[in-house]
Participant: 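Below are the structure tokens for one structure; questions will follow.
Residues take their numbers from the sequence shown, with the count starting at 1.
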Amino acid sequence: MLRFTIVFTINEDYKEIGIMKAIGMKDFSIRKLYLMKYFVLAAVGGICGFAASIPFSRGLLFQATKKIMIEGGKEGILFQFLISLLVAALVVLFGWHSTGKIKKLSPMDAIRSGNKGERFRKKGMFRLKNARVKATTFLACNDVLSEKKKYLVLLLASMIGVWLVVMPVNTINTLKSDKIAAWFALTDCDFCVQDGAKVAELNEKGMKQGWYEYLEETKNLLLKHGIEAERTCTEVFFKLKVRKENKSYKSFAIQGLNTSMEQYFYDEGEPPIYENEVAVTHVVAEQIGAGLGDTIYITSGGEEKPYIITALYQSMNNMGEGIRFTERAELDYRGVAGGFGLQVVLKQKPDKEKLSEMIEQAQKLLPDSEVETLGEFVDSRLGNISGRVEPLKTMILAVVLTINILVVVLMQKMLLIRERGEIGMMKSIGFSNRGLIGWQTKRVMLVLFAGIALGILTGTPFSEVTSGQVFRMMGAEKIEFVINPLEVYFAYPVILFLAVTVACVITIRRIKKVSVQEMNCME
């Protein structure tokens with residue numbers, strides 16, 4: 001955007017620059033005039049952006065901070081301020097670099113709109129006589145391939161635009177999917193029942209049998225009203241001290257009830273089977289310096305017992321903490337920290353509509369509970385962050401469209417200034433306004449298509465190195481993004497392509513005002 005804005009401004013101000021040079025102004029003084037303007041704009045934009053970023057970021061994270069511990073303080077605001085200063089500084093530095101073209105202009109060049117009246121290189125890679133396409137299509141392809149540098153900015157802008165749209169879409173779809181449940185130590189199920197009061201009651205009783213009774217009661221209640229559950233299960237969690245030799249760590253720990261250890265996923269090793277076997281996350285293993293096959297000591301109810309590590313896994317609970325016990329393991333339930341809610345696995349897998357009806361029915365049967373799909377349950381534990389990020393998809397799309405449209409508009413206006421002589425000559429040999437508009441538009445469409453195609457191919461890797469880092473901070477070593485092909489590969493790319501193409505056609509209609517006499521200004 002900066003490059004096109006500055007170059008376009010210089011192209012429009014050739015005569016003014018020529019006059020300033022003719023009366024003796026130095027290159028540095030002329031460049032300072034432009035830099036002062038960009039400095040003021042960058043400073044105002046940076047201050048406004050910094051001021052707006054504070055309430056915007058707080059509003060975005062408000063719900064999430066209810067569920068997730070996030071460190072706050074003045075350092076965050078200071079960091080935002082420093083970023084704003086950095087952006088303003090980059091604008092000024094880039095402005096200085098882009099105004100370097102002024103040094104190459106002499107008063108005579110400026111008066112002649114930058115044309116020297118000669119060219120020492122051949123333009124073109126193909127021959128029209130060998131082409132089997134329309135002349136305007138041939139000219140468009142030839143221009144793009146022979147002058148790649150001219151269209152590089154549009155290529156990059158469209159590619160990065162796709163990245164910025166695809167990243168939040170992939171992130172939101174992943175957060176909403178049932179697949180992410182595995183990273184929270186949950187087994188696959190059809191829906192979840194969350195009853196905070198009941199969990200608090202079971203915690204107070206401190207008895208493992210009480211949890212089993214709750215699971216059975218809920219299963220029977222659902223069966224009585226026509227909802228046949230194959231099983232009801234849950235995960236109960238603790239905060240336990242784990243030790244290996246002289247290294248110790250207090251970690252989040254889980255024991256599944258009515259679950260099978262094979263239902264969970266593991267990165268390395270085999271699922272624990274016996275009472276004295278456990279699986280631990282990579283974070284816990286690193287903290288105590290343990291690995292597969294090592295013996296560690298875990299304290300529960302004041303008693304320390306040895307356990308063998310049979311598997312390593314990744315988790316997004318408590319920033320990657322986790323110890324997974326078998327159901328046989330004897331733990332002190334007086335130290336239970338809570339439970340993940342009851343999970344219901346139905347005997348017959350219903351379709352989406354039928355499942356929605358069952359969830360609605362279960363909600364009526366359990367009015368004190370919150371009944372949700374597995375994806376909704378996980379999302380609620382994250383503070384419904386996907387719901388809060390959802391509107392950003394539209395905002396980001398609007399920003400990307402605006403940037404790409406402005407790039408095209410500025411580029412086309414700049415090309416119209418540079419190519420007035422060529423356009424006048426083409427009109428003199430019989431090219432119609434419609435044909436010339438087609439020629440100019442096809443060039444943009446070719447570059448735009450290539451940029452969008454590259455953006456689609458590299459969009460998922462971009463998501464992994466951006467929002468994927470957030471998942472890693474939460475403990476997931478590697479996240480597999482859920483991709484909606486209709487959105488990522490069709491809907492958003494088509495919207496971007498059509499909007500920018502329409503903007504190009506509207507801008508290039510000014511070609512009608514170029515007369516045949518303009519051919520006197522060509523190289």
Participant: Verify, without hydrogens or angle tests, whether S356 (side chain) and K352 (backbone) share a donor-acceptor contact under 3.5 angstrom.
Facilitator: no
Participant: Drop me the distance from L355's CG to E360's CD, to the nearest 0.5 angstrom.
Facilitator: 11.5 Å
Participant: Identify the heavy atoms of Y266 and P272 that sit nearest to each other, and give their distance.
Facilitator: OH-CD, 3.9 Å
Participant: What is the minimum heavy-atom distance between D190 and P350, and which atoms define it?
Facilitator: OD1-CD, 4.3 Å
Participant: State whether the side chain of K148 and the backbone N or O of L145 hold a donor-acceptor pair below 3.5 Å, judged by distance alone.
Facilitator: yes
Participant: Are the side chains of E230 and L346 in touch, meaning some heavy atoms are under 4.5 Å apart?
Facilitator: no
Participant: Once rounded to the nearest 0.5 Å, what's the spacing between atom CD of Q263 and atom SG of C233?
Facilitator: 6.5 Å
Participant: Can you tell me how far apart CG (L86) and CZ (F79) are? Round to the nearest 0.5 Å.
Facilitator: 9.0 Å
Participant: Below 4.5 Å, heavy atoms only, C-beta onward: do Y489 and I483 meet side chain to side chain?
Facilitator: yes
Participant: How far apart are the C-alpha atoms of E321 and K239, what are their side-chain angles, what is the distance that settles it, and do they pass the salt bridge (charged side-chain N to carboxylate O under 4.0 Å, His left out) test?
Facilitator: CA-CA 10 Å; E321 292 180 2; K239 195 75 173 179; 2.9 Å; yes
Participant: Side-chain contact, heavy-atom cut-off 4.5 Å: V344 with C189?
Facilitator: no
Participant: Is it true that R324 and E277 have a side-chain N and a carboxylate O under 4.0 angstrom from each other?
Facilitator: no
Participant: So that I know where these two stand, are F237 and F340 an aromatic pair - ring centroids less than 6.0 Å apart?
Facilitator: yes
Participant: Walk me through whether T281 and L312 qualify under side chain to side chain contact (heavy atoms under 4.5 Å, CB included).
Facilitator: CA-CA 5 Å; T281 63; L312 296 174; over 6 Å; no
Participant: Here's a test for you: under side chain to side chain contact (heavy atoms under 4.5 Å, CB included), which of V447, V153, V444, T507 qualifies with M411?
Facilitator: V444
Participant: Heavy atoms only: give me the nearest L223-E228 pair and the separation to one decimal.
Facilitator: CD1-CG, 3.7 Å
Participant: For K354, does the NZ atom have more than 12 heavy-atom neighbours from other residues, nucleotides or ligands under 6.0 Å away?
Facilitator: no
Participant: Any heavy-atom pair between the side chains of V336 and F238 that's under 4.5 Å?
Facilitator: yes
Participant: Tell me which pairs pass side chain to side chain donor-acceptor pair (under 3.5 Å) where either residue lies in residues 289-303, with sequence neighbours left out.
Facilitator: K244-D294
Participant: Between E216 and T232, do the side chains contain a donor N or O and an acceptor N or O under 3.5 Å apart?
Facilitator: no
Participant: Should we say atom CD of E353 is surrounded by more than 12 heavy atoms from elsewhere, each under 6.0 Å from it?
Facilitator: no
Participant: Decide side chain to side chain contact (heavy atoms under 4.5 Å, CB included) for N170 and N484; before the verdict, give the C-alpha distance in whole Å, the side-chain angles of both, and the deciding distance to 0.1 Å.
Facilitator: CA-CA 8 Å; N170 285 344; N484 184 338; over 6 Å; no
Participant: Tell me whether S53 contacts the main-chain N or O of F50 through its side chain, where contact means a donor paired with an acceptor under 3.5 Å.
Facilitator: yes
Participant: To check you understand the geometry: which heavy-atom pair defines the closest contact between V488 and I456, and what is its length?
Facilitator: O-CG1, 4.2 Å
Participant: Would you confirm whether Q255, through its side chain, and T326, through its main-chain N or O, come within 3.5 Å as a donor-acceptor pair?
Facilitator: yes
Participant: Quick one: does V92's side chain get under 4.5 Å of F94's, heavy atoms only?
Facilitator: no
Participant: Is the number of heavy atoms from other residues, nucleotides or ligands within 6.0 Å of CD (E304) greater than 12?
Facilitator: yes
Participant: Do E270 and T310 have side-chain N/O donor and acceptor atoms under 3.5 Å apart?
Facilitator: no
Participant: Given the rule in the side chain to side chain contact (heavy atoms under 4.5 Å, CB included) test, do V278 and I296 qualify, once you have shown the distances and angles that lead to the verdict?
Facilitator: CA-CA 9 Å; V278 292; I296 58 176; 4.0 Å; yes
Participant: Tell me whether Y274 at atom OH has more than 12 heavy atoms from other residues, nucleotides or ligands lying less than 6.0 Å away.
Facilitator: no
Participant: Does the side chain of Y333 come within less than 4.5 Å of V236's, by heavy atoms?
Facilitator: yes
Participant: Any chance CZ of F265 has more than 12 other-residue heavy atoms, nucleotides or ligands included, within less than 6.0 Å?
Facilitator: yes
Participant: Are any non-hydrogen side-chain atoms of K241 and I298 less than 4.5 angstrom apart?
Facilitator: no
Participant: Is it the case that over 12 heavy atoms from other parts of the model lie below 6.0 angstrom from the CZ atom of F39?
Facilitator: no
Participant: Run F191 and E372 through side chain to side chain contact (heavy atoms under 4.5 Å, CB included) and show every step you take.
Facilitator: CA-CA 6 Å; F191 62 86; E372 304 168 303; over 6 Å; no
Participant: Report the C-alpha distance between Y313 and E268 in whole Å, list the side-chain angles of each, state the deciding distance to 0.1 Å, and finish with yes or no for side-chain hydrogen bond (donor to acceptor under 3.5 Å, both in side chains).
Facilitator: CA-CA 7 Å; Y313 69 101; E268 300 176 45; over 6 Å; no
Participant: Between Y307 and F325, is the ring centre distance below 6.0 Å?
Facilitator: yes
Participant: Under the salt bridge (charged side-chain N to carboxylate O under 4.0 Å, His left out) rule, collect the residues that match up with K219, sequence neighbours excluded.
Facilitator: none
Participant: If you compare all heavy atoms of L221 against all heavy atoms of L365, which two are closest, and at what distance to 0.1 Å?
Facilitator: CD2-O, 4.0 Å
Participant: In chain order, what residues pass the salt bridge (charged side-chain N to carboxylate O under 4.0 Å, His left out) check against K305, with sequence neighbours excluded?
Facilitator: none
Participant: Rounded at 0.5 Å granularity, tell me how far OH in Y214 sits from OG1 in T234.
Facilitator: 7.5 Å
Participant: Please answer whether the main-chain N or O of Y249 pairs with a side-chain N or O of Q287 as donor and acceptor at a distance below 3.5 Å.
Facilitator: no
Participant: To the nearest 0.5 Å, tell me how far Q343 CD sits from L374 CG.
Facilitator: 7.0 Å
Participant: Could you pull out the closest heavy-atom pair between D368 and D195, with the gap in Å?
Facilitator: O-OD1, 3.8 Å
Participant: Is the shortest heavy-atom distance from the side chain of L496 to the side chain of Y492 under 4.5 Å?
Facilitator: no
Participant: Can you tell me how far apart CD1 (I254) and CG (L240) are? Round to the nearest 0.5 Å.
Facilitator: 11.0 Å
Participant: So for atom CD, which belongs to E464, do other residues, nucleotides or ligands contribute more than 12 heavy atoms lying within a distance under 6.0 Å?
Facilitator: yes
